[in-house]
Amino acid sequence: MSVPDVPETCRAIAVPVKPGMTRAQVKHSLEHDLGIIAPFVDERYVVRNSECGPQGESLKVELSFHPANKPDPAQHVPIQSQHDVVIRVSPACLEIQALIH
């Protein structure tokens with residue numbers, strides 16, 4: 001569930017990531033929520049400790065990365081590295097955290 005108008009209680013929570021940060025730096029304040037469209041493009045992360053919506057929703061952002069490694073010859077896609085660099089951060093949206101069992 002995406003909410004176009006973020007509640008006032010959520011506005012004070014800054015998204016602690018910006019272009020130029022590495023994947024390793026991102027992991028200090030964001031958690032990958034397994035939402036991914038393609039490797040390195042629009043990977044979805046939840047901001048830690050950002051439960052601020054009326055139903056416990058959290059702030060989420062989509063990040064795009066520039067890979068640090070060359071493509072794997074067999075799969076033709078780069079392998080994720082802690083040195084991948086953020087090149088795009090989407091505006092934050094409010095979503096209920098999905099539970100995976």
Side-chain angles (χ1 to χ4, degrees):
M1 166 177 100
S2 292
V3 179
D5 294 67
V6 177
E8 194 62 40
T9 55
C10 298
R11 292 175 198 251
I13 301 171
V15 175
V17 66
K18 60 185 178 197
M21 294 177 75
T22 65
R23 192 179 291 273
Q25 292 171 314
V26 166
K27 289 185 177 183
H28 289 290
S29 51
L30 303 180
E31 182 179 339
H32 201 281
D33 86 339
L34 305 178
I36 187 168
I37 293 175
F40 303 98
V41 180
D42 297 328
E43 295 182 24
R44 195 170 58 225
Y45 285 79
V46 62
V47 179
R48 293 181 205 261
N49 303 315
S50 68
E51 296 80 12
C52 58
Q55 297 176 325
E57 302 94 335
S58 297
L59 290 174
K60 293 189 178 184
V61 295
E62 289 181 354
L63 305 179
S64 293
F65 292 90
H66 184 296
N69 293 327
K70 294 186 183 215
D72 177 309
Q75 297 181 351
H76 304 291
V77 294
I79 297 172
Q80 283 189 1
S81 163
Q82 296 302 310
H83 303 290
D84 297 337
V85 177
V86 175
I87 57 174
R88 188 187 67 78
V89 180
S90 74
C93 67
L94 198 59
E95 286 188 359
I96 293 175
Q97 183 70 16
L99 297 176
I100 300 173
H101 297 286

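- When every heavy atom of Gln80 is checked against every heavy atom of Asn69, the shortest pair comes out as O-ND2, 4.1 Å.
- The side-chain contact (heavy atoms from CB on, under 4.5 Å) check on Val17 picks up Val15, Met21, Val26, Leu30, Leu63, Val86, Val89, with sequence neighbours excluded.
- Residue Val46 comes nearest to Ser58 through the heavy atom pair CG2-CB, 3.5 Å, listed as atom of the first residue, atom of the second, then distance.
- Atom CZ of Phe40 is separated from atom OG of Ser81 by 8.0 Å, given to the nearest 0.5 angstrom.
- Separating the CD atom in Glu43 from the CG atom in Asp33 is a distance of 10.5 Å, to the nearest 0.5 Å.
- Residues Arg48 and Lys27 come closest through the heavy atom pair NH2-O, 2.8 Å.
- Pro91 pairs by the side-chain contact (heavy atoms from CB on, under 4.5 Å) definition with nothing, not counting sequence neighbours.
- Between Glu57 and Glu95, the closest side-chain pair of non-hydrogen atoms is not below 4.5 Å.
- With sequence neighbours left out, Ala14 forms a side-chain contact (heavy atoms from CB on, under 4.5 Å) with no residue at all.
- Listed by first and then second residue, the salt bridge (charged side-chain N to carboxylate O under 4.0 Å, His left out) pairs that reach into residues 74-87 are Arg23-Asp84, sequence neighbours excluded.
- Residue pairs meeting the salt bridge (charged side-chain N to carboxylate O under 4.0 Å, His left out) criterion with at least one partner in residues 13-22, sequence neighbours excluded, are absent.
- Every side-chain contact (heavy atoms from CB on, under 4.5 Å) that Ile13 has, sequence neighbours left out, goes to Val47, Ser50, Cys52, Leu59.
- For the atom pair CD (Glu31) and NZ (Lys60), the distance works out to 9.5 Å, reported to the nearest 0.5 Å.
- We find the CD-SG distance between Glu62 and Cys93 to be 7.0 Å, quoted to the nearest 0.5 Å.
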